[in-house]
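Values below: every heavy atom of this structure, side chains too, minus hydrogens, waters and symmetry copies. Numbers restart at 1 for each chain; the letters A, B, ... are given by sequence-line order, proteins then strands.
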Number of protein chains: 2
Amino acid sequence: MQAHRANGLPVTIQRRVVFEAVMEREDHPTADQIYEAVREQAPQISRMTVYRILGNLVTLGLLAKTSHPSSVARFDPKTRQHHHLVCLNCGGIIDLEEERLNKIAWPDVRSFGFEIEDYHINFRGRCAACRQAVKKSKKTRK
Amino acid sequence: MQAHRANGLPVTIQRRVVFEAVMEREDHPTADQIYEAVREQAPQISRMTVYRILGNLVTLGLLAKTSHPSSVARFDPKTRQHHHLVCLNCGGIIDLEEERLNKIAWPDVRSFGFEIEDYHINFRGRCAACRQAVKKSKKTRK
DNA sequence: TTGTATGCAAAAGGTTTGCAATGAT
DNA sequence: ATCATTGCAAACCTTTTGCATACAA
């Protein structure tokens with residue numbers, strides 16, 4: 001909220017509620033999931049407002065859109081550098097913080113004229129739940 | 001096309017054309033961009049067919065959906081491990097192949113029950129064109 | 001009081017689905 | 001001849017936009 005005041009933006013109930021809802025979550029929710037979560041505290045809130053506020057928070061740099069092969073936007077309140085475990089089966093995202101992974105030497109991309117700001121690593125594979133499901137279905141199939 | 005035959009799937013004109021169009025591109029096109037490109041060779045093709053064929057190719061493992069913060073699916077015909085430069089301004093993606101980046105030791109994720117298959121790194125920053133544009137607008141502003 | 005945020009409605013992508021007709025094997 | 005694929009239309013889901021009203025400063 002300080003961030004809003006710092007930018008001269010009014011602090012509304014909706015902004016407060018959306019902000020708190022998204023910041024406390026670690027499961028990289030979609031805009032719609034935030035909407036559903038927030039309706040408990042602010043039943044009159046509209047879906048559009050949630051989309052707009054999330055967009056604002058991204059612009060202010062308090063929130064990041066995660067890269068994900070699916071076509072729905074997912075939001076991540078963690079601003080410091082970290083990495084992701086992405087499940088190829090269910091699409092779930094798990095945060096991964098490991099100092100060693102933050103220390104990779106940047107490649108030389110001068111030939112592209114590209115200027116690197118930061119990076120993150122996506123490790124792809126199968127999460128615990130999906131591995132269980134596969135095991136079970138194999139058993140049943142026999 | 002061998003992949004289609006190997007899976008017992010008919011080889012249609014549409015499949016051939018879409019397959020060839022997407023495989024020869026390095027710019028990570030969207031489904032719609034493929035549709036436009038393909039219409040030159042097969043004007044009667046429908047957009048839905050292109051979507052369906054691209055989906056099939058992903059399922060067959062011949063094509064990958066790239067992770068991207070925007071909400072449109074982009075396709076990448078490169079199957080071997082590689083990494084990406086993602087422009088934060090225009091959303092453009094540049095392929096990056098550097099052996100060193102393929103040799104990062106996988107983190108220990110046994111505590112999550114997660115099984116890693118592979119990984120890729122997204123370097124985020126500004127591409128050459130967007131850096132030029134920023135420079136120019138700064139000049140003009142003064 | 002002033003100006004921005006909100007809510008509503010409606011539209012705009014991008015993508016998926018159901019079904020009859022077409023086409024590959 | 002058989003069965004999957006295609007094309008069409010329409011639906012669907014997520015997200016964006018325009019404008020009058022409500023609200024924070």
Side-chain angles (χ1 to χ4, degrees), chain A residues 1-22 28-39 41-60 62-76 91, chain B residues 1-22 28-39 41-60 62-76 91:
Chain A
M1 288 303 99
Q2 319 85 313
H4 284 109
R5 279 190 242 278
N7 286 276
L9 301 175
V11 178
T12 61
I13 300 159
Q14 292 88 338
R15 272 216 258 256
R16 185 191 313 277
V17 173
V18 169
F19 182 77
E20 284 167 4
V22 74
H28 312 82
T30 65
D32 229 62
Q33 287 174 319
I34 293 293
Y35 172 60
E36 290 301 334
V38 150
R39 287 217 287 175
Q41 287 124 61
Q44 83 297 347
I45 201 170
S46 93
R47 183 180 271 103
M48 293 72 219
T49 303
V50 175
Y51 274 95
R52 260 185 299 219
I53 292 175
L54 290 173
N56 292 345
L57 291 173
V58 170
T59 307
L60 292 176
L62 298 172
L63 207 58
K65 276 192 178 182
T66 64
S67 296
H68 196 268
S70 104
S71 49
V72 277
R74 289 159 146 266
F75 297 90
D76 191 342
Chain B
M1 289 301 101
Q2 319 87 311
H4 284 110
R5 279 191 243 277
N7 286 276
L9 300 176
V11 178
T12 62
I13 300 160
Q14 292 87 339
R15 271 216 259 255
R16 184 191 314 277
V17 174
V18 169
F19 182 77
E20 283 166 3
V22 73
H28 312 82
T30 64
D32 229 62
Q33 287 174 319
I34 293 294
Y35 172 59
E36 290 301 336
V38 149
R39 287 218 287 176
Q41 287 124 62
Q44 83 296 350
I45 202 170
S46 93
R47 182 181 271 104
M48 292 72 218
T49 303
V50 175
Y51 275 93
R52 259 185 300 220
I53 292 175
L54 290 173
N56 292 345
L57 292 173
V58 170
T59 306
L60 293 176
L62 299 171
L63 207 59
K65 274 192 178 182
T66 64
S67 296
H68 197 267
S70 102
S71 50
V72 277
R74 288 159 147 266
F75 297 91
D76 190 341

Checklist entry - Can you pull the contact range of chain B along DNA chain C, 5' to 3', using atoms under 4.0 angstrom from its heavy atoms? => result C:dG14 to C:dT25
Next on the checklist: To the nearest 10°, give me the bend of the helix from C:dT1-D:dA25 to C:dT25-D:dA1, comparing the axes of its five terminal pairs at either end.
Outcome noted: 40°
Backbone N or O of [Y] within a donor-acceptor pair of the [X] side chain at under 3.5 Å?
X	Y	value
B:Arg15	B:Pro10	yes
B:Gln41	B:Val38	no
A:Arg74	A:Thr66	no
A:Glu36	A:Gln33	no

Checklist entry - Excluding sequence neighbours, so at least two apart, what forms side chain to side chain contact (heavy atoms under 4.5 Å, CB included) with A:Ala37? => result A:Arg25
Item to check | Test side chain to side chain contact (heavy atoms under 4.5 Å, CB included) applied to A:Ala73 - qualifying residues, sequence neighbours left out | outcome: A:Lys65, A:Phe75
Sub-3.5 Å pairs of nitrogen or oxygen atoms, protein against nucleotides 21-25 of chain D:
residue: D:dA24; atom: O3'; partner: A:Val11; partner atom: N; Å: 3.4
residue: D:dA25; atom: OP1; partner: A:Val11; partner atom: N; Å: 3.2

Checklist entry - Does the side chain of A:Ile45 come within less than 4.5 Å of A:Tyr35's, by heavy atoms? => result yes
Checklist entry - Heavy-atom distance under 4.5 Å between the side chains of B:Arg39 and B:Arg47, does that happen here? => result no
Donor-acceptor pairs are to be reported for all side-chain atoms of residues 50-58 of chain B against protein atoms at under 3.5 Å, with residues two or more places apart or in another chain.
none

Item to check | Non-neighbouring partners of A:Thr49 that pass side-chain hydrogen bond (donor to acceptor under 3.5 Å, both in side chains), sequence neighbours left out | outcome: A:Ser46
Item to check | Gap separating the CD1 atom of A:Ile13 from the CD atom of A:Gln44, nearest 0.5 angstrom | outcome: 7.0 Å
Checklist entry - Would you say A:Leu60 has more than 12 foreign heavy atoms packed within less than 6.0 Å of its CG? => result yes
Heteroatom pairs (N/O) under 3.5 angstrom, protein to nucleotides 12-15 of chain D:
residue: D:dT15; atom: OP1; partner: A:Ala73; partner atom: N; Å: 2.9
residue: D:dT15; atom: OP2; partner: A:Tyr51; partner atom: OH; Å: 2.7

